Chemist: 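First the structure, which I've put down as structure tokens, then a few questions once you've had a look.
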Amino acid sequence: MRPHRYAVRRHRVLRNDHGPEGLLVYIEASADDAATICRNLHGMRMAGFFTNANAVLVGRTRAPGIDSLTQHEAVLDALGGLAVPIIADVECGHVPPYAPLVNGARGHVLYTEHHNELTQTLT
């Protein structure tokens, strides 16, 4: 989740090309501890990575927390003020079942107490 130059450059392209319905942004921690994730997400937010996001999906992780911060708390600390839904523990990324998400596909999220669904459409 490091906001390296390619990710920020690619986001600037996406920001200009997204549809009128906005962006569905997904992230995941891989193996970085909670302090690193918190710091990286703050940097990504300040760089405008989440501008025009309608929701943020956070992949489930086995990455460690630290004594004073869990992975969930790290995400909320950095992104809780975005005023968009943040959906945690999405089954994508480095934890089985490794559900693939396609960059650039149109996505629709349905998230209720009893039903969670992400549908992607390739156009």
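No experiment lies behind these values; they were computed from the predicted model shown.
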Chemist: I need the full list of salt bridge (Lys or Arg N to Asp or Glu O under 4.0 Å) pairs touching residues 33-59, with sequence neighbours left out, sorted by first then second residue.
Modeler: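 Residue pairs passing salt bridge (Lys or Arg N to Asp or Glu O under 4.0 Å), neighbours aside: none found.
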Chemist: Hey, is the main chain of D32 close enough, under 3.5 Å, to the side chain of Q71 for a donor-acceptor pair?
Modeler: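 Judged by distance alone, yes, a pair lies under 3.5 Å.
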Chemist: With sequence neighbours left out, what residues match T121 under side-chain contact (heavy atoms from CB on, under 4.5 Å)?
Modeler: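 side-chain contact (heavy atoms from CB on, under 4.5 Å) list for T121, sorted by chain: R106, T123.
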Chemist: List in chain and number order the residues that pass side-chain contact (heavy atoms from CB on, under 4.5 Å) with A88, two or more places apart in sequence or in another chain; answer none if no residue qualifies.
Modeler: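 Partners of A88 under the side-chain contact (heavy atoms from CB on, under 4.5 Å) test: H72.
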Chemist: Excluding sequence neighbours, so at least two apart, what forms side-chain contact (heavy atoms from CB on, under 4.5 Å) with R60?
Modeler: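 R60 satisfies side-chain contact (heavy atoms from CB on, under 4.5 Å) with D89, E91, V95, P97 only.
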Chemist: Quick test of your reading: applying salt bridge (Lys or Arg N to Asp or Glu O under 4.0 Å), list the pairs with at least one residue in residues 63-88, sequence neighbours left out, ordered by first then second residue.
Modeler: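 Of all non-adjacent pairs touching residues 63-88, none passes salt bridge (Lys or Arg N to Asp or Glu O under 4.0 Å).
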Chemist: Taking side-chain contact (heavy atoms from CB on, under 4.5 Å) as the test, write out the residues that go with A74, two or more places apart.
Modeler: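 side-chain contact (heavy atoms from CB on, under 4.5 Å) list for A74, sorted by chain: A34, I37, C38, L69.
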Chemist: Measure the CD1-CD1 distance between I27 and I86 for me, rounded to the nearest 0.5 Å.
Modeler: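 Answer for the CD1-CD1 pair, I27 versus I86, is 8.0 Å.
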Chemist: Work out which heavy atom in T61 is nearest to a heavy atom in A29; give both atom names and the distance.
Modeler: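 That closest heavy-atom pairing would be OG1-CB, 3.8 Å.
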Chemist: Could you list who else is in Y111's hydrophobic cluster, with ILVMFWY side chains joined at under 4.5 Å, directly or through other members?
Modeler: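 Besides Y111, the hydrophobic cluster comprises L24, Y26, L57, I87, V90, L101, V109, L118, listed by chain and residue number.
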Chemist: How would you list, by chain and number, every residue that makes a side chain to side chain donor-acceptor pair (under 3.5 Å) with H94, sequence neighbours excluded?
Modeler: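 For H94 the side chain to side chain donor-acceptor pair (under 3.5 Å) partners, ignoring immediate neighbours, are E28.
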Chemist: Any chance you could pull the hydrophobic cluster mates of Y98, using side-chain heavy atoms under 4.5 angstrom and chaining through other members?
Modeler: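 Taking Ile, Leu, Val, Met, Phe, Trp and Tyr as members, Y98 stands alone, with no cluster partners.
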Chemist: What pairs with T119 under side chain to side chain donor-acceptor pair (under 3.5 Å), at least two apart in sequence or on another chain?
Modeler: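 Scan of T119 (side chain to side chain donor-acceptor pair (under 3.5 Å), adjacent residues dropped) gives E117.
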